[in-house]
Amino acid sequence: MDGYEVLAELLKMKETRAIPFIFLTAKVEREDIRKGMELGADDYLFKPFKPEELLTAITTRLQKRSLIKANYIEIDGIKKDDDQNRIFLNLGEKSCFVSKKEIVYISAENQYAAI
């Protein structure tokens with residue numbers, strides 16, 4: 001298996017899909033990097049790399065994962081906002097949680113939602 005296949009397999013399983021994935025590779029072509037990122041890679045380190053670079057990449061990804069985990073809980077496979085005071089908005093190209101207190105006005109034109 002190559003790294004792409006390993007990542008694809010990890011993403012299939014609920015137990016492993018949230019684990020940060022860092023490619024350690026000698027492939028430095030743009031197409032290779034894009035393929036990995038499109039599959040869901042979190043970072044790329046190119047060989048040869050320094051041990052400090054690997055430790056920094058791991059620490060950064062685990063800190064980000066801890067932040068995300070601290071803010072959300074999962075119930076029946078659906079992510080819910082933990083504090084119940086925010087809502088998730090899709091704003092065209094950008095999606096984010098917004099505090100209910102921050103919302104002053106909502107307007108929807110030619111937008112549709114389906115459940």
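The line from OH of Y4 to OG1 of T25 is 6.0 Å long, rounded to the nearest 0.5 Å. If you take OG1 on T16 and CG on L7, they are separated by 9.5 Å, rounding to the nearest 0.5 Å.
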Atom pairs and distances, donor-acceptor, side-chain atoms in residues 33-47, under 3.5 Å, two or more places apart:
| residue | atom | partner | partner atom | Å |
| --- | --- | --- | --- | --- |
| D42 | OD2 | F21 | N | 2.7 |
| D43 | OD2 | R61 | NH2 | 2.9 |
| Y44 | OH | D32 | O | 3.0 |

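Residues satisfying the side chain to side chain donor-acceptor pair (under 3.5 Å) test with Q63, not counting sequence neighbours, are none.
What you find for P20 and L62 is that their closest heavy atoms are CG-CD2, 4.4 Å. The minimum heavy-atom distance linking M1 with E9 is given by the pair CE-CG, 3.4 Å.
Two residues are said to be in side-chain contact when any heavy atoms from C-beta on lie closer than 4.5 Å; I19 and L10 fail this criterion.
Two different hydrophobic clusters hold I22 and V6 under the rule that ILVMFWY side chains link at heavy-atom gaps under 4.5 Å.
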Start with the C-alpha gap between E5 and D2, add the side-chain angles, then the distance that decides, and say whether side chain to side chain contact (heavy atoms under 4.5 Å, CB included) holds. CA-CA 5 Å; E5 294 168 319; D2 64 14; 3.2 Å; yes

